[in-house]
Amino acid sequence: MSTEQPAESEQSNQPDQSTQPDPSHQAAQSHQAARSEPSEPSERHGSDATTGDRSARRAVTVFPVLVLLAGAVGLLLPGSFTGWGEAVPYLLGVVMFCMGLTMTAQDFRGVAERPWAVALGLVAHYVIMPGLGWAVAHLLQLSPQLAAGVILVGCAPSGTASNVVTYLARGDVALSVSVATVSTLVAPLVTPPLTLLLAGEYLPVDAGSMVTDILKTVLLPVLAGLAVRLLAGRHVRRALSVLPWLSALTIGVIVTVVVAGSADAIKSAALLVFVAVVLHNGLGLALGYGAGRLARLGEPGSRAMAFEVGMQNSGLAASLASAHFSPTAALPAAVFSVWHNISGALAAAWLSRRAR
């Protein structure tokens with residue numbers, strides 16, 4: 001999502017930084033624009049802090065509601081989306097292309113400026129959430145399909161709403177953007193072997209094929225979007241206000257298709273899957289925050305770590321689960337896509353009030 005922050009908002013969000021406008025916030029806002037949250041244009045100048053906060057809060061409210069409605073449509077009208085499953089990887093590619101369109105050199109500069117903090121966030125993300133997915137699957141004694149789906153959610157890269165939720169929580173937005181960017185770019189190398197290691201006991205995992213799918217649906221679209229941004233930046237900037245809405249609608253369609261494909265499983269296992277998702281996400285947020293505190297990243301950095309660890313790219317997880325396992329295995333990702341936006345918004349509101 002994109003949410004411009006005037007000087008007053010920046011001071012309150014990053015109290016330990018200079019009172020001058022931080023260009024890393026601009027990169028965070030541009031990057032957020034393609035991460036599925038509908039938002040105000042990413043290059044608003046001169047608007048006041050209250051308007052910016054209100055826009056961001058509206059976006060965090062609208063997106064989970066949109067996804068919830070999309071899921072309801074898939075559940076109530078599953079027959080209307082028969083055969084749509086093959087379109088899910090292409091739809092995810094659209095979302096990732098939009099993400100690439102809003103990436104800038106500043107996103108990568110932030111990695112070079114704080115490599116240790118970014119590396120810590122990356123390790124925490126790909127250790128805590130996969131491990132929690134495996135633990136939750138064992139604790140709740142999930143069926144092989146659901147267990148593989150929960151683990152796959154944990155092995156996915158950072159979530160589509162983590163940057164804007166970090167901003168709302170008055171966390172370190174620049175660190176959030178850096179960790180999210182790197183976790184997405186390394187996903188083809190990390191997600192498949194982790195899934196094989198942790199979910200292989202439940203279902204056969206073709207890690208090689210999964211690498212190819214992630215390259216085609218995540219990395220290549222992101223790089224293509226980045227190339228277009230570099231070649232036609234002026235034209236892309238004019239469309240930044242439209243991209244998040246396009247991403248949000250596309251993710252809504254993905255959720256509808258995934259839910260429609262597993263409508264029967266939802267009716268029989270909805271409560272169990274919901275409990276698994278709440279545990280997975282809640283523990284991820286808590287442990288991510290704790291990792292930041294142990295690493296002495298400070299309060300803003302710890303808040304960024306919480307959301308970078310606890311919020312997952314559930315759209316990618318749903319696509320991979322549908323392609324490599326079954327529609328039932330994609331159910332945890334569909335539920336996660338709704339819940340982590342709701343829990344993230346609630347956690348951000350609570351942390352923001354604490355900061356004030």
Side-chain angles (χ1 to χ4, degrees), residues 1-33 35 37 39-40 42 44 47-64 106-107 110 113-114 117-118 120-121 124-125 158-181 244 281-282 284-311 340-356:
M1 163 171 180
S2 167
T3 48
E4 284 297 301
Q5 307 167 45
E8 179 183 340
S9 177
E10 288 167 353
Q11 293 175 35
S12 59
N13 190 29
Q14 303 288 354
D16 59 336
Q17 296 183 1
S18 168
T19 56
Q20 295 300 317
D22 183 353
S24 65
H25 287 251
Q26 303 288 335
Q29 293 148 9
S30 297
H31 184 71
Q32 290 159 7
R35 295 174 67 81
E37 282 75 32
S39 67
E40 298 299 315
S42 67
R44 287 180 345 207
S47 43
D48 58 271
T50 301
T51 301
D53 282 343
R54 185 164 53 247
S55 298
R57 294 180 190 281
R58 183 169 62 248
V60 174
T61 301
V62 168
F63 181 64
Q106 185 64 38
D107 295 338
E113 290 171 352
R114 290 192 291 177
V118 175
L120 175 65
H125 179 87
S158 180
T160 57
S162 58
N163 298 160
V164 70
V165 172
T166 297
Y167 161 62
L168 291 176
R170 300 178 182 273
D172 190 334
V173 182
L175 176 61
S176 174
V177 169
S178 297
V179 174
T181 300
N281 170 244
L285 292 172
L287 292 178
Y289 180 84
R293 299 298 291 179
L294 286 175
R296 299 182 179 181
L297 293 180
E299 184 63 21
S302 298
R303 295 178 183 189
M305 286 284 288
F307 298 116
E308 288 308 317
V309 170
M311 302 184 75
H340 79 151
N341 285 285
I342 296 173
S343 66
L346 293 174
W350 179 65
L351 289 171
S352 180
R353 281 195 291 270
R354 280 187 58 194
R356 292 193 185 99

Closest approach of A291 to M305 (non-hydrogen atoms, all atoms of both residues):
CB-CE, 4.1 Å

At what distance, to the nearest 0.5 angstrom, does CG of N163 lie from CG of L168?
11.0 Å

Exactly one of E308, R303, M311 clears side-chain contact (heavy atoms from CB on, under 4.5 Å) with V165, and that residue is M311

Taking every non-hydrogen atom, the tightest pair across S162 and S158:
OG-OG, 3.3 Å

Between V309 and G284, the two heavy atoms sitting closest are CG1-O, 3.5 Å

Under the side chain to side chain contact (heavy atoms under 4.5 Å, CB included) test, which residues partner A286, sequence neighbours left out?
none

Pairs flagged by salt bridge (Lys or Arg N to Asp or Glu O under 4.0 Å) wherever residues 288-298 is involved - sequence neighbours left out
R293-E299

Partners meeting side chain to side chain contact (heavy atoms under 4.5 Å, CB included) with A306 (sequence neighbours left out)
Y289

Hey, does D172 have a side-chain heavy atom less than 4.5 Å from the side chain of R114?
yes

Do you know which two heavy atoms are closest between F307 and L285, and how far apart they sit?
CD2-CD2, 3.8 Å

Determine whether a donor-acceptor pair (N or O, by modelled atom type, separation under 3.5 Å) exists between the side chain of T181 and the backbone of V177.
yes

Just to verify, what does L287 make a side chain to side chain contact (heavy atoms under 4.5 Å, CB included) with, not counting sequence neighbours?
I128, L132

What residues, two or more places apart in sequence or in another chain, satisfy side chain to side chain donor-acceptor pair (under 3.5 Å) together with S343?
N281

Test item: L175 and V118 side chains (from C-beta on) under 4.5 Å apart, heavy atoms:
yes

